[in-house]
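Taking it in order: structure first as structure tokens, then the write-up.
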Amino acid sequence: MTTSSSERGVSLGMPELPAPAYPDDVRARLETDAREIVARYPDSRSALLPMLHLVQSEEGHVTRTGMQFCADMLGLTTAEVTAVATFYTMYRRRPSGDYQVGVCTNTLCAVMGGDAIFEELQEHLGVGNGETTADGKVTLEHIECNAACDYAPVVMVNWEFFDNQTPESAKRMVDDLRAGRPVAPTRGAPLCTFKETARILAGFPDEREGAVEATGSAGPASLIGLKLAKGEAAPARVVHPRGEAPQDAPPHEPSPTEHLSSHDAPQDTAASDPAHPSGPVAEEGE
């Protein structure tokens, strides 16, 4: 049995055929939405990012047809559209699942357990990075940062936060997604499918009842620094790095400008100062 060069993924240097067009009814509907997007900007080409989200909401990823549509509507070349679509990882270039499960494996999340979560999810789901389960429900990927380090390790599903995860909680979550059971983020709006998320990112309202009100704001761990900057006292916290605290020790009330940890509390003098209690510290090489 032989296979064709296309089946083997071998290019013979032949020019690629033009992208197929959307069906007439789909194109008419997308053109209406596209005109609404373009009207938001003084220069039509500025609408490219939300336009790519729009076509992604139609097919679940950005196809050649979608990029040709964006080029036609914005007066751009397909090369210009392709350059943008391939630059940003939020635009998918191949079919993906209803739920994009992104595990942060950047430094803090990794050392807090993100690497273990990602490895166990790969084995549990039977997929590799960027791959989708056979039922089309979950696409798993590792991502560089979820911008939620104070809740590490963090997993995102269609850009909604699942904080302080463990391998066990992450596996339960993906099992529930695949089974169609309700899954609620630890904060933020309720989950919706990736296509629905893409349409919201294109700038169209989230019409689900209560979804907008549920978005909330940053969690308490993210707001501690802001409260200190405003002069609000932090909660009482006693740090005893070298032993247990005496049972009858009164709680210490730190001032708004005081460090919360005795490890990095400000010193009266620098370690290199001759007046330092431990004596001057020599520079390296001396």
Side-chain angles (χ1 to χ4, degrees), residues 9 52-53 56-63 85-202 206 208 211 214-216 218-222:
L52 286 168
H53 282 300
Q56 185 159 254
S57 74
E58 184 64 31
E59 299 176 87
H61 65 295
V62 178
T63 62
T86 57
F87 180 82
Y88 293 103
T89 57
M90 60 190 174
Y91 301 121
R92 311 303 182 189
R93 297 299 310 283
R94 58 184 178 179
S96 55
D98 293 333
Y99 299 98
Q100 306 280 321
V101 176
V103 182
C104 183
T105 56
N106 212 336
T107 306
L108 183 57
C109 277
V111 300
M112 294 294 287
D115 283 341
I117 291 173
F118 184 65
E119 290 173 5
E120 293 205 25
L121 283 181
Q122 287 186 97
E123 182 177 354
H124 184 68
L125 295 172
V127 298
N129 182 44
E131 295 179 352
T132 303
T133 54
D135 57 11
K137 292 292 185 181
V138 171
T139 297
L140 177 67
E141 64 177 347
H142 76 81
I143 51 183
E144 287 303 315
C145 185
N146 279 325
C149 303
D150 39 2
Y151 295 98
V154 175
V155 176
M156 293 192 88
V157 180
N158 294 350
W159 312 121
E160 298 295 346
F161 288 105
F162 288 77
D163 303 317
N164 302 313
Q165 292 295 291
T166 65
E168 291 71 26
S169 66
K171 286 187 285 189
R172 286 195 301 270
M173 181 260 290
V174 296
D175 286 345
D176 288 342
L177 290 174
R178 299 182 71 184
R181 292 188 287 267
V183 174
T186 52
R187 52 196 166 102
L191 280 183
C192 56
T193 67
F194 184 65
K195 289 182 180 180
E196 292 170 330
T197 301
R199 183 170 177 82
I200 295 169
L201 291 174
D206 187 345
R208 295 174 298 155
T215 54
S222 304

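Owing to the predicted nature of the structure, the values given are computational and were not obtained by experimental measurement.
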Least distance between heavy atoms, Cys104 atom then Glu144 atom:
SG-O, 3.7 Å
Quick one: does Gln122's side chain have a donor or acceptor within less than 3.5 Å of a partner on Leu140's backbone?
no
Any chance you could measure Glu120, atom CD, to Thr166, atom OG1, to the nearest 0.5 Å?
9.0 Å
Under 3.5 Å, is there a donor-acceptor pair between the side chain of Asn146 and the main chain of Val154?
yes
If I take atom OG1 from residue Thr139 and atom NE2 from residue His61, how far apart are they, to the nearest 0.5 angstrom?
11.0 Å
Return yes if some donor-acceptor pair links the side-chain N/O of Thr186 with the main-chain N/O of Phe161 below 3.5 Å, else return no.
yes
NZ/Lys171: more than 12 non-hydrogen atoms of other groups inside 6.0 Å
yes
Can you tell me if Arg181 uses its side chain to pair, donor with acceptor, with the backbone of Arg178 under 3.5 Å?
no
Closest non-hydrogen contact found for Thr197 with Cys192 is OG1-SG, 3.4 Å
Which pair of heavy atoms, one from Gln100 and one from Asn158, lies closest together, and at what distance?
N-OD1, 2.8 Å
Measuring from Asp206:CG to Glu196:CD, what's the distance to the nearest 0.5 Å?
8.5 Å
For residues Ala152 and Leu108, report the shortest heavy-atom separation together with the two atoms involved.
CB-CG, 4.1 Å
Of all the heavy-atom pairs spanning Ile117 and Ala170, show the shortest one and how long it is.
CG2-CB, 3.8 Å
Check for a donor-acceptor pair, side chain of Arg94 on one end and backbone N or O of Gly130 on the other, with a separation under 3.5 Å.
yes
Supply the atom-to-atom distance Glu160 CD to Arg187 CZ, rounded to the nearest 0.5 angstrom.
10.0 Å
Parallel under 30°, tilted from 30 to 60°, perpendicular over 60°: which one fits the rings of His142 and Phe118?
perpendicular
Any side-chain heavy atom of His124 within less than 4.5 Å of one from Asp175?
yes
Within a 6.0 Å radius of atom CZ on Arg208, are there more than 12 heavy atoms belonging to other residues, nucleotides or ligands?
yes
Do the non-hydrogen side-chain atoms of His53 and Met90 ever get within less than 4.5 Å of each other?
yes
To the nearest 0.5 Å, tell me how far Met112 CE sits from Cys149 SG.
11.0 Å
Any idea which heavy atoms bring Ala85 and Tyr91 closest together, and the distance?
O-CB, 3.7 Å
Is there a side chain to side chain contact (heavy atoms under 4.5 Å, CB included) between Arg172 and Glu168? Walk through the geometry before answering.
CA-CA 6 Å; Arg172 286 195 301 270; Glu168 291 71 26; 3.9 Å; yes
With the side chain counted from C-beta on, respond yes when Val183 and Val157 share a heavy-atom pair under 4.5 Å apart, and no when they do not.
no
Would you call Trp159 and Phe194 a side-chain contact if the rule is heavy atoms closer than 4.5 Å?
yes
So CG of Leu125 and OG1 of Thr133: to nearest 0.5 Å the spacing works out to 6.5 Å
Any chance you could lay out the side chain to side chain contact (heavy atoms under 4.5 Å, CB included) test for Leu177 and Leu191, step after step, and finish with the verdict?
CA-CA 10 Å; Leu177 290 174; Leu191 280 183; 3.8 Å; yes
